[in-house]
Amino acid sequence: MSALKPVRGTHDILPEEMIRHRFVQDKAQEISARYGFGEIATPIFEFTNVFARTLGETSDIVTKEMYTFEDRSENLLTLRPEGTAGVARAFISNGLSQSLPLKLFYRGPMFRYERPQKGRQRQFHQVGAEILGIDTVQADIEVIALGAHFLEELGLGNDIKLELNSLGDRESRDAYHNTLVEYLSAYKDKLSEDSLNRLDRNPMRILDSKDEGDREIIANAPLLGDSLNESSRIFFEELKAGLEQLGVAYEISPCLVRGLDYYCHTAFEFTTTTLGAQGTVLAGGRYDGLIKQMGGPQTSGIGWAAGVERLAMMIAEDAAEKPQPISVIPQGDEGKKQAPSIAHALRKEGYIVDYGFTGNLKKRLQRANKLNTKAAIILGDDELARNAATVRDMVSGEQVEIPLEKLADHLAVYR
RNA sequence: GCGAUUGUAGCUCAGUUGGUUAGAGCACCGGUUUGUGGUACCGGAUGCCGGGGGUUCGAGUCCCCUCAAUCGCCCCA
């Protein structure tokens with residue numbers, strides 16, 4: 001046991017796992033690009049108020065989960081706990097209101113000081129997509145369809161369901177807020193302690209409570225859907241119709257609310273039961289008030305983020321292909337002399353080439369086998385004297401002698 | 001932040017009511033084969049028993065503290 005451990009909630013991603021990690025990220029990027037999203041990278045730290053002001057002063061993320069520190073110039077900075085606030089800030093900083101609508105994809109590490117569990121680290125990675133500047137439901141439909149498409153491409157179509165709800169516009173949300181607080185206040189002596197705390201701060205989160213006593217009270221609580229005003233109701237109806245048109249299956253989840261303050265109208269979560277308590281795998285919603293709240297022009301937005309680690313855990317063992325290199329194996333003095341330039345030439349041709357550095361023929365073949373090599377090129381003095389190399393097919397074990405100048409062509413089948 | 005479980009070799013784990021030099025499988029290294037891998041056989045190395053303190057003649061085993069992982073709550077991706 002080494003005394004040198006990584007900081008709690010962080011971990012190393014070794015090459016083996018990185019293949020899956022990359023697969024998830026690259027798939028997200030690839031599918032997003034197909035929907036016309038360009039990739040953006042924002043800094044992993046920002047001025048603290050970028051997050052504090054936008055996520056909601058009372059949200060758990062802001063009040064107890066941020067990595068906040070002062071730099072040497074006494075700036076108060078925070079490691080980003082999520083991606084949307086940074087994208088919104090970048091939108092304002094770069095005057096991107098001239099280029100609306102914007103469709104942006106991002107990926108990268110996020111930081112939250114939470115109690116670690118499986119699928120919940122303090123440094124974790126997200127991929128996300130945002131559409132800025134479209135206040136009609138078409139954006140919601142496209143963003144959700146993108147999420148569903150991405151998860152499907154990962155091979156997770158059957159393990160995941162989409163939960164959908166509408167928080168309504170500001171007016172609807174405020175109206176509901178009031179009716180809910182009124183209703184819940186009658187049960188003040190029966191609510192759980194957690195929920196009591198949330199009654200003032202963020203009463204809608206009480207709908208999510210897993211406490212049994214709370215659930216009984218919630219069962220008869222007024223529904224968010226009933227407080228939606230006409231335009232919000234139509235918006236939601238159009239969203240559902242649009243998803244149906246695209247064959248995106250969903251379930252209405254009347255108690256689904258999101259933790260961050262900036263959401264309105266559409267809220268959705270793709271969830272799974274295969275990851276235990278950390279079942280949310282991709283989630284998002286509409287945030288029409290966010291950019292204005294940050295000091296930018298009124299600009300609507302909708303987007304989602306997905307947890308890369310959670311998705312990487314779910315994808316099938318063999319979903320992400322491992323590289324299959326070609327091994328170059330020198331044998332004897334002449335082989336050692338020529339091997340580096342032969343390997344180099346093949347790499348320039350685009351082949352993945354492993355050069356094992358040490359060991360005799362046997363050891364190098366063992367290494368080649370472990371690396372899942374397709375073919376081995378054996379460079380012995382005998383064949384080099386004839387300006388040729390032996391190519392061993394690592395699956396069949398068959399060997400043929402190939403003149404050096406035809407080597408690259410011959411290997412085409414192993415590419 | 002709260003509650004519970006766990007922590008022995010690189011990995012997965014065994015280790016009787018506390019009792020000498022702590023074990024297995026896989027992986028690793030070497031050999032059977034000094035120019036031929038994947039199978040087989042033979043051999044080898046490996047541990048601050050998570051860390052610290054305590055009880056005891058004696059602790060991997062019991063007690064306390066601590067760190068970490070896992071599960072649930074909370075929160076969320």
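Everything numeric here is computed off the predicted structure, so don't read it as measured data. Each chain gets a letter, A, B and so on, in the order the sequences are listed, and its residues count up from 1.
Side-chain proximity of A:K370 to B:C76, B:G1, B:C29: nearest is B:C29. Distance from the side chain of A:R115 is smallest to B:C2 among B:A77, B:C2, B:G37. Side-chain proximity of A:E383 to the nucleotides B:C28, B:G3, B:G35 is greatest for B:G35. Listed nucleotides B:C28, B:A77, B:C74 differ in distance to A:K64; the shortest reach to its side chain belongs to B:C74. Closest to the A:K118 side chain, of the nucleotides B:U70, B:G37, B:C67, is B:U70. Closest to the A:R120 side chain, of the nucleotides B:C74, B:G37, B:C76, is B:C74. Side-chain atoms of A:E114 lie closest to B:A77 of the nucleotides B:C29, B:A77, B:G37. When distances run from any side-chain atom of A:L361 to the nucleotides B:G35, B:C76, B:G38, the shortest one goes to B:G35. The side chain of A:K362 lies closest to B:U32, out of B:G38, B:A77, B:U32. Of the listed nucleotides (B:A77, B:G38, B:C67), B:G38 has the atom at the smallest distance from the side chain of A:N369.
The distance between atom CG of A:D159 and atom P of B:A77, rounded to the nearest whole Å, is 21 Å. The nearest whole Å value for the distance from the NZ atom in A:K5 to the P atom in B:G51 is 9 Å. For A:E309 and B:A77, the CD to P distance is 14 Å, given to the nearest whole Å. Between A:E163 atom CD and B:A77 atom P there is a gap of 14 Å when expressed in whole angstrom units. Separating the CG atom of A:D393 from the P atom of B:G38 is a distance of 16 Å, rounded to the nearest angstrom.
Ion pairing between a basic and an acidic side chain is recognised when a charged N comes within 4.0 Å of a carboxylate O; A:E401 and A:R386 show such pairing. Using a cut-off of 4.0 Å between Lys/Arg side-chain N and Asp/Glu carboxylate O, A:E30 and A:K27 are scored as salt-bridged. Salt-bridge check for A:R107 with A:E39: passed, with a basic side-chain N closer than 4.0 Å to an acidic carboxylate O. Looking at A:E16 and A:K322, a side-chain N of the basic residue comes within less than 4.0 Å of a carboxylate O on the acidic one, giving a salt bridge.
The gap from the P atom of B:G25 to that of B:U17 amounts to 25 Å, rounded to the nearest Å. Taking atom P in both B:G52 and B:C67, the straight-line distance is 15 Å, to the nearest Å. For the P atom pair drawn from B:C11 and B:G50, the interatomic distance equals 13 Å after rounding to whole Å. Spacing between B:C62 and B:A14 at atom P, rounded to whole Å, works out to 14 Å. Of the C1' atoms belonging to B:U46 and B:G3, the separation is 38 Å, rounded to the nearest Å.
The aromatic rings of A:Y187 and A:Y183 sit tilted relative to each other, their planes meeting at an angle between 30° and 60°. The aromatic rings of A:F45 and A:F69 stand perpendicular to each other, their planes meeting at an angle above 60°, with 30° marking the opposite boundary.
Counting any heavy atom pair closer than 4.0 Å across all strands shown, A:R8 reaches sugar-phosphate atoms only and no base atom. Contacts of A:Q366 with the nucleic acid, taken as non-hydrogen atoms under 4.0 Å apart, involve only primed sugar atoms and P, OP1 or OP2. Counting any heavy atom pair closer than 4.0 Å across all strands shown, A:E398 reaches no nucleic acid atom.
With sequence neighbours excluded, the residues forming a side chain to side chain contact (heavy atoms under 4.5 Å, CB included) with A:D140 are A:V137, A:F235, A:L239, A:T266, A:R286, A:I302, listed by chain and number.
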Intra- and inter-strand pairs of RNA chain B in dot-bracket (Watson-Crick or G-U wobble, both distances under 3.5 Å; | for another strand): (((((((..((((.....[...)))).(((((.......))))).....(((((..]....))))))))))))....
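A:I13 is listed as a side-chain neighbour of A:H125, based on a closest heavy-atom distance under 4.5 Å.
Regarding contacts with the backbone of B:U36, every side-chain N or O of A:Q399 stays at 4.0 angstrom or more from both OP1 and OP2.
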